[in-house]
There are 2 protein chains.
Amino acid sequence: MANKKRTTLKDIANELNISPAAVSKAMHNDSRISDKTKEAVKRVAKELDYQPNHLASALRKGKSNLVGVIVPRTNSHFFSSVIENMESVLNKAGYNIIITQSNESFKKECKNIDTLLYTQVDGIIASMANETVDLSHYEKIKSKGIPLILFDRGENDLNVDYIGIDDYESSHMIVEHLISKGCKRIAHIGGFRRTRIYNNRIRGYVDAIHKYNLPHDNHLLLESSLTLEDGRVKMQALLKLDNPPDAVYVASDYAALGALQVLNEQNIKVPETICLVGFGNEPFTSFVRPSITTVKQHSKQIGEIAAETFIKRISEDNWKPKLDKNILKSELIIRSSSNK
Amino acid sequence: MANKKRTTLKDIANELNISPAAVSKAMHNDSRISDKTKEAVKRVAKELDYQPNHLASALRKGKSNLVGVIVPRTNSHFFSSVIENMESVLNKAGYNIIITQSNESFKKECKNIDTLLYTQVDGIIASMANETVDLSHYEKIKSKGIPLILFDRGENDLNVDYIGIDDYESSHMIVEHLISKGCKRIAHIGGFRRTRIYNNRIRGYVDAIHKYNLPHDNHLLLESSLTLEDGRVKMQALLKLDNPPDAVYVASDYAALGALQVLNEQNIKVPETICLVGFGNEPFTSFVRPSITTVKQHSKQIGEIAAETFIKRISEDNWKPKLDKNILKSELIIRSSSNK
DNA sequence: TATATTTGCTTAATCGATTAAGCAAATATA
DNA sequence: TATATTTGCTTAATCGATTAAGCAAATATA
């Protein structure tokens with residue numbers, strides 16, 4: 001089966017003996033085209049199975065109606081849910097999305113940005129890879145003059161719209177919860193400080209520890225890549241301390257799961273001996289044994305607000321320097337792993 | 001910051017007092033352009049931060065170098081891994097991918113196909129939604145004359161290239177494994193028969209049961225949406241039977257997890273009282289207690305072969321009626337839930 | 001030295017859809 | 001009835017990149 005020649009506006013125009021311009025206007029319900037012509041055009045368009053050529057109209061209009069999305073990975077419930085809700089809002093406004101994943105790699109992230117810009121997206125909504133420190137690729141998006149919106153993994157220095165939860169406050173909430181359960185030596189397996197959200201979680205943890213006059217022991221604060229595997233490694237390190245913690249707050253559910261595996265393997269009672277708290281409310285936190293206390297990040301709102309912010313920016317005639325920083329309140333989901 | 005005017009070939013041409021055609025050729029290293037001009041063009045292109053306009057070149061060349069991907073959902077390890085490996089192969093061949101998810105909805109899947117065709121992708125690689133029965137949207141892709149490749153969730157009727165595992169044989173393998181563990185009443189929580197892979201798994205299960213002269217009890221074979229929640233419901237139904245099974249083979253890991261939850265809640269020993277087997281090797285199967293025996297689907301190969309098949313099809317001058325049906329052998333991962 | 005070939009470009013058309021400008025016919029208003 | 005306005009189209013240019021065709025100058029070959 002050879003490639004069928006696709007139907008163009010010109011084909012419809014020839015069929016009806018009118019100009020392609022009239023056909024274009026009829027398809028868009030221009031008020032200067034008669035109802036009779038509109039009907040005829042739409043009838044013939046259907047007959048010939050006309051599909052508009054997006055490339056041509058995007059090129060002419062200078063607008064692709066595509067929004068690029070970059071996430072560290074799609075196989076996390078949080079990102080998948082953000083995308084789903086974002087897409088729903090954008091679809092209603094006539095935009096389609098292109099999803100790309102960086103796999104937490106800086107190089108891949110740069111490549112994704114290039115691909116999206118090359119595809120002429122009208123804007124980019126992104127969450128940064130763990131590895132990303134150099135921001136020049138993001139500056140490139142800004143210099144193109146198209147909206148850039150960051151969520152969850154953002155960067156203050158970039159000066160763009162941002163949607164995320166209050167990580168500093170979330171850490172406070174967790175530490176207070178653990179104190180209320182009688183914990184006295186609270187450890188934190190955090191992410192790398194260079195990533196803003198992890199830095200905020202670490203700051204929140206440290207400040208809360210001080211606020212409630214708990215021992216501030218440097219051995220209790222570890223920086224991690226937050227993979228399941230590294231969660232195991234860091235938990236093992238904590239257990240080897242002369243004076244191990246009675247509670248561990250892990251900055252990601254995956255690493256918390258690794259920590260839980262180690263605790264289970266070593267027959268350490270959770271929560272009786274050590275309380276465990278994760279972050280992100282990944283589905284598995286509710287079905288492992290014991291179920292893991294964690295923080296819900298409101299992925300629905302984050303996705304929706306990100307989409308709405310994009311729409312707002314794209315509709316503005318002149319780029320306003322005022323930015324939105326949407327900091328949502330998170331929610332602590334208390335489960336067995338800290339409920340003693 | 002107003003939208004900066006983007007640099008075009010014409011800008012470079014004006015700068016060097018040559019024609020845009022010469023610039024275009026220089027950028028593509030045409031042999032009929034002198035090295036001196038090529039160097040000058042590339043220098044100026046860099047100076048002016050030239051980025052080719054994909055829309056224009058794609059429109060002119062009638063080729064977008066984009067491949068559309070449709071998956072039921074991205075937040076499953078299987079699909080995410082298939083995409084990752086597919087992308088890696090396609091990137092090397094100069095293609096970029098656009099990921100869309102149907103969320104198992106037929107309507108959303110149709111919309112995704114429209115979006116991808118509208119974006120002028122050069123081909124589509126898809127795995128069908130559970131809901132999909134009507135195939136007219138897929139026929140639409142075929143009628144455009146662009147390659148369509150299905151993986152995992154395919155359809156014989158469509159007559160397109162397909163990559164997946166041998167589901168029929170996998171069921172045999174599972175039943176044989178359970179028999180070797182001494183199981184005598186093996187139940188199957190399967191997917192809907194209308195989906196080919198689930199139909200094959202059911203057929204494999206039924207044939208294996210007959211082959212080994214096990215009791216063929218209609219109550220032991222259930223059709224399910226295979227969500228975690230429905231896995232719970234179906235497991236509860238099986239436990240209410242007068243003569244409950246001593247092994248349950250579930251056609252998806254998520255539903256198997258729901259089944260496991262019910263078994264744990266009712267203090268039924270797994271594997272001692274009832275053996276459990278899932279399908280798909282989702283990461284959580286290894287870290288729940290007990291860990292779940294499951295089937296590995298070789299997502300890496302599926303992704304790579306799908307990409308290579310696309311490249312093969314797109315490079316063919318004339319569309320050949322001969323199709324590739326790649327049926328890979330699956331692998332049984334034996335874990336605690338069936339290892340008595 | 002005369003002709004053929006190669007080199008290095010330019011010109012002009014094209015991919016489809018859109019839109020500013022404009023024109024004739026139909027209709028409305030004075 | 002004479003002029004103004006509206007209606008319903010057409011014409012032609014445009015968005016950038018690409019490419020077939022072609023031409024003049026440079027170089028190779030007889």
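So you know, we letter chains A, B, ... as the sequences are listed, proteins then strands, and number each from 1. From a predicted model like this one, the values you see are computed outputs, not experimental measurements.
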>> Show, in sequence, the C-alpha distance, side-chain angles and deciding distance for B/S64 and B/Q120, and conclude whether the side chain to side chain donor-acceptor pair (under 3.5 Å) test is met.
In response: CA-CA 6 Å; B/S64 67; B/Q120 312 291 132; over 6 Å; no

> Cationic tip of B/R73 within the cone over B/F78's six-membered ring, i.e. under 6.0 Å and within 45° of the normal?
Replying inline: no

> Reckon B/S34 touches a base, only the sugar-phosphate, or nothing at all at heavy-atom distances under 4.0 Å?
Replying inline: sugar-phosphate

>> Considering every strand and a 4.0 Å limit on heavy-atom distances, what is the contact class for A/S19: base, sugar-phosphate, or nothing?
In response: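 Touches a base.
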
Is the shortest side-chain N to carboxylate O distance from [X] to [Y] below 4.0 Å?
X	Y	value
A/D30	A/K38	no
A/K312	A/E308	no
B/K300	B/E304	yes

> For A/T8 and A/K10, what are the C-alpha separation, side-chain angles and deciding distance, and is it a side-chain contact (heavy atoms from CB on, under 4.5 Å)?
Replying inline: CA-CA 5 Å; A/T8 68; A/K10 213 175 154 189; 3.4 Å; yes

>> Once salt bridge (charged side-chain N to carboxylate O under 4.0 Å, His left out) is applied, what residue pairs with a partner in residues 87-105 of chain B remain, sequence neighbours excluded?
In response: A/K108-B/E87, B/E104-B/R153

Of [range], the positions that come close to DNA chain C - non-hydrogen atoms, cut-off under 4.0 Å:
range	result
residues 36-55 of chain B	B/T37
residues 110-121 of chain A	none
residues 21-29 of chain A	A/A21, A/S24, A/K25, A/H28

> Atom CD1 in B/I99, atom CD in A/Q101: separation rounded to 0.5 Å?
Replying inline: 5.0 Å

> Which range-with-range stems can be found for DNA chain C when each stem has 3 or more Watson-Crick or G-U pairs in a row and both distances sit under 3.5 Å?
Replying inline: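 DNA chain C forms these stems: C:1-30 with D:1-30.
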
Do [X] and [Y] come close enough that some side-chain heavy atom pair is under 4.5 Å?
X	Y	value
B/N326	B/I302	no
B/F151	B/I125	yes
A/S34	A/T37	yes

>> With a 6.0 Å cut-off (strictly less than), is the heavy-atom count around NZ of A/K63, excluding the residue itself, greater than 12?
In response: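 Count over threshold, so yes.
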
>> Does B/K325, at its NZ atom, have more than 12 non-hydrogen atoms belonging to other residues, nucleotides or ligands within less than 6.0 Å?
In response: yes

> Under 3.5 Å, is there a donor-acceptor pair between the side chain of B/Y118 and the main chain of A/Q51?
Replying inline: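 No, the answer is negative, given that no donor and acceptor are paired below the 3.5 Å cut-off.
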
> Would you find a donor on one side and an acceptor on the other, under 3.5 Å apart, between the side chain of B/S105 and the backbone of B/K107?
Replying inline: yes

> Which residue, A/A56 or B/I33, contacts DNA chain C at a nucleotide closer to its 5' end, judged by nearest heavy atom?
Replying inline: B/I33

> Which residue lies toward the 5' end of DNA chain C, B/I18 or B/K61, if each is placed at its nearest nucleotide?
Replying inline: B/I18

>> Going 5' to 3' along DNA chain D, between which two nucleotides do contacts with chain A fall, using a heavy-atom cut-off of 4.0 Å?
In response: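 Span of nucleotides near chain A: D/dT7 to D/dG16.
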
